[in-house]
Each structure stands twice: as structure tokens, then as C-alpha cells.
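For reference, the structure is listed below as C-alpha cells.
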Amino acid sequence: MASVPSDIPAIRAALLDWYDVHGRTLPWRAGPGASARTDPYRVWLSEVMLQQTTVPHAAPYFLSFLQRWPTVGALAAAPDAEVMAAWAGLGYYARARNLLACARAVTADHGGVFPDTEAGLLALPGVGAYTAAAVAAIVFDRPANVVDGNVERVMARLFAVETPLPAAKPGLKRLAATLVTDDRPGDWAQALMDLGATVCRPGTPLCDVCPLTDHCAAFAGATPERYPLKTAKADRPRRFGTAYALFDDRGRVALVRRPDKGLLGGMLGLPTSDWQPMPAEAVPPVAADWAAAGTITHVFTHFALTLEVRTATGSGDFVWTAPEQALADLPTVFRKALGLAVGGAVTPRRSSAALRS
Ligand code: SF4
């Protein structure tokens with residue numbers, strides 16, 4: 001592992017100067033400077049959303065949540081099903097459940113006011129080390145060490161770390177900690193995030209516009225894209241199943257609510273078979289003249305799913321919903337399956353054209 005950097009003040013000054021000019025404008029930001037701190041609810045909400053998706057994808061969801069539930073108290077009072085439906089498309093629904101649990105704890109136990117320390121934030125339900133550090137730094141200007149994948153990549157390149165990920169993670173976090181001081185910690189955290197997202201990008205970094213070239217070991221060695229080193233990953237496991245698009249004589253589609261526990265827990269979706277490691281013949285939810293519509297694939301965090309989609313007309317005890325409504329509200333995997341069944345392409349839920357990445 002690389003030794004502790006000796007030119008910390010110069011690295012910090014170069015990056016903070018760059019951030020003052022090139023920091024991103026984002027919907028949850030108030031801008032550079034300790035006097036421009038923003039609402040903890042906004043930062044917390046954005047950080048939870050950003051843990052699993054990109055800024056362009058998360059931003060429309062963020063704005064929609066904020067319009068619908070403008071305060072943590074409003075979110076805490078929202079029905080679970082409405083929040084889960086609004087989260088659909090962001091994936092990883094356990095985060096939505098944790099989001100609600102946290103909002104309710106802040107409202108019930110803290111009078112609607114977020115704790116202002118990293119330790120206090122970490123004690124909230126569903127708030128992990130990264131989110132606690134990010135909110136503490138960005139909102140309360142605490143000298144917290146905020147390390148995500150972007151920051152790990154910058155550290156690995158800046159110090160030419162030869163240990164591959166994931167084993168390198170603790171060392172990269174220690175290196176990042178050496179650069180955190182009491183001076184502008186919130187801006188520092190955001191400056192590193194911005195550098196990782198826009199300049200020291202995955203793949204080929206834009207070293208010719210980077211403020212840290214004078215200090216960067218990977219740049220000096222002319223091999224920045226070599227870092228971070230990665231241990232070869234096993235292929236993502238694959239599962240198979242069948243999704244059933246059943247339409248009634250009014251053209252509505254049959255939906256079922258999934259069990260609270262497990263993947264997509266508590267969400268509405270098309271009826272499906274179990275998702276198995278090998279393709280298997282499945283039993284439809286009702287007897288009908290089922291026809292094959294094709295297959296869709298969807299990649300979850302821990303596996304890739306191939307679903308055969310079958311369609312039929314019939315009746316039964318389901319949540320009957322207009323297909324247009326279902327295509328707007330369902331989790332992405334079911335939107336793909338229903339889109340195939342109705343013969344239409346599944347388009348992005350909301351436009352992100354106006355947002356900067
Ligand atoms: Fe990343 Fe290049 Fe900047 Fe080094 S010089 S931190 S590799 S963008």
C-alpha cells in the first residue's frame with residue numbers, strides 16, 4: 001500500500017480551487033462555501049438514491065420525491081405503498097424501506113431534525129457509514145471521510161495503489177482520511193466526488209484537465225487507466241422464470257403484490273414463477289390459453305434474470321390495472337415484461353435531459 005502522502009496541503013489547495021470553479025450544479029446542492037449549507041433532508045435523500053444509480057438517473061426521482069414529500073415529516077407520514085411505487089425504477093427496494101424507517105425515526109425520535117454528527121446519523125435506522133459521513137460533511141461541515149467508488153478510484157490513481165480491489169478498500173479509505181482536515185470538509189468531500197465523476201472517470205480519465213496531475217503517481221507513470229486494479233470477478237449468476245401478462249375483457253392487466261420480504265418486497269408486479277438457476281416448466285396463475293410473447297432479461301445486483309413472457313385473457317382475483325398505469329408505476333423488470341406483452345418499447349420513466357451528469 002502507498003505511504004501517507006507528503007504534499008497534502010498542495011493537493012487540497014489544488015482540488016478546492018478547482019471545485020470553486022468547476023463544482024457541479026446539482027438539485028440537492030446549495031453551492032460551494034460553508035455558508036451555503038443545504039437541507040439535511042435533501043442531502044440524505046440524494047445520497048440514499050445515489051448509492052445505486054447515477055446522477056442523471058437519480059435526479060428526476062429526487063425532484064419528484066421532494067415535490068411530493070417536501071420535508072422529512074411529510075415522507076414519514078406517507079403510506080408505505082406510495083413510497084415504494086415512487087421508488088420503482090431506482091432498484092434495490094430494501095433502500096426504500098430503510099428510507100421510510102429513517103424518516104420515521106427522525107420524526108418520532110428527533111422532532112423532525114436530523115442529528116448533526118456522524119455518530120448521531122449512523123445511529124439512525126438504515127443509515128450506513130457512507131451516508132452518515134456524506135451528510136455530516138456536506139450538510140454540517142464535519143471532517144468526515146466520505147469514500148465511495150469514485151473516491152476509491154481517485155485514491156488508487158493518485159497514489160498508484162498496487163493492491164487490487166476489493167482488498168484495497170481499507171487502505172484506500174485510510175489514504176482518503178489523510179486528506180480530510182477541519183478546513184472546508186464539506187466542500188472537500190464534494191470536490192473529490194466531482195473529480196471522480198467528471199474528470200478522474202472510470203475507464204480513461206481526463207488527466208489533461210485535472211488539477212492534480214502534479215501530484216498524481218499514476219499520471220507520472222503514464223498508466224492512470226491501469227488503476228484501480230481489480231481481482232477478476234466470477235460471472236454474475238443467472239436465473240430463469242416465467243412472467244404472466246393476463247388481460248381481462250376490459251384490457252386491464254392482472255397484478256399481484258409481492259411478499260414484504262425478499263427481492264422487490266411489497267411491490268406490485270406481474271405474477272411470475274419462482275426464479276430458478278435453470279429454465280423449468282411453470283404453473284400459470286390461472287388456467288387460460290397462454291401464448292409465448294418472447295423473453296426479457298434484467299440484471300439485479302446479485303444475479304441476471306431471464307424471464308419468458310406469456311400472455312392470455314382471463315379473469316381471477318388480482319389487482320386489475322390499466323396497462324399504461326402499470327407501465328408507469330411497476331418496477332423495471334415488470335415494465336420490461338409488460339412492454340413486451342403489449343408490443344411497446346419501455347421508455348425511461350422520466351426525462352433527464354436537462355440534468356448534468
Ligand atoms: Fe485521475 Fe489523471 Fe487526475 Fe491522476 S491526473 S487524479 S489519473 S484524472
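Keep in mind it's a predicted model, so treat the numbers as computed, not measured. Worth knowing before you read on, the calculation uses all heavy atoms, side chains too, and leaves out hydrogens, waters and symmetry mates. Numbering of ligands and ligand atoms starts at 1, following listing order.
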One residue to check: Cys200. Relative to ligand 1, which of side chain, backbone, both or neither has a non-hydrogen atom less than 4.0 Å away?
both
Do the side chains of Val209 and Trp18 join up, straight or via other hydrophobic residues, at under 4.5 Å, putting them in one cluster?
yes
Please report which non-hydrogen protein atom sits nearest to atom 2 (Fe) of ligand 1, along with the residue it belongs to and the distance in Å to one decimal place.
Cys207 SG, 2.3 Å
So, 2.8 Å as the limit: is an N/O/S atom of Cys210 located closer than that to atom 2 (Fe) of ligand 1?
no
Please check if Phe219 and Val161 belong to a single hydrophobic cluster, counting links between Ile, Leu, Val, Met, Phe, Trp and Tyr side chain heavy atoms closer than 4.5 Å.
no
Note: ligand 1 atoms sitting under 4.0 Å from heavy atoms of Phe219 are 5 (S)
Under 30°, 30 to 60°, or over 60°: which ring-plane class applies to Phe318 and Trp320, parallel, tilted or perpendicular?
perpendicular
Can you see whether Trp275 has Arg258 sitting over its ring - NZ or CZ less than 6.0 Å from the centre and within 45° of the normal?
yes
Those atoms of ligand 1 less than 4.0 Å from some heavy atom in Pro205
8 (S)
Which residue is it: Leu212, Leu206, Asp208? I am looking for the one with a side-chain contact (heavy atoms from CB on, under 4.5 Å) to Val199.
Leu206
Between Phe300 and Phe303, does the ring-ring contact (aromatic ring centres under 6.0 Å, His included) criterion hold? Intermediate values first, please.
CA-CA 5 Å; Phe300 292 101; Phe303 66 94; 5.1 Å; yes
Is the closest heavy atom of Thr213 to ligand 1 under 4.0 Å?
yes
Ranked by distance from atom 7 (S) of ligand 1, the top protein heavy atom is Pro224 CB, 3.5 Å
Please name the pair of heavy atoms, one in Met267 and one in Ala88, separated by the smallest distance, quoted to 0.1 Å.
CE-CB, 4.0 Å
Under 2.8 Å from atom 4 (Fe) of ligand 1, is there any N, O or S atom belonging to Cys216?
yes
For Arg157, take its heavy atoms, then give the atoms of ligand 1 lying under 4.0 Å from any of them.
7 (S)
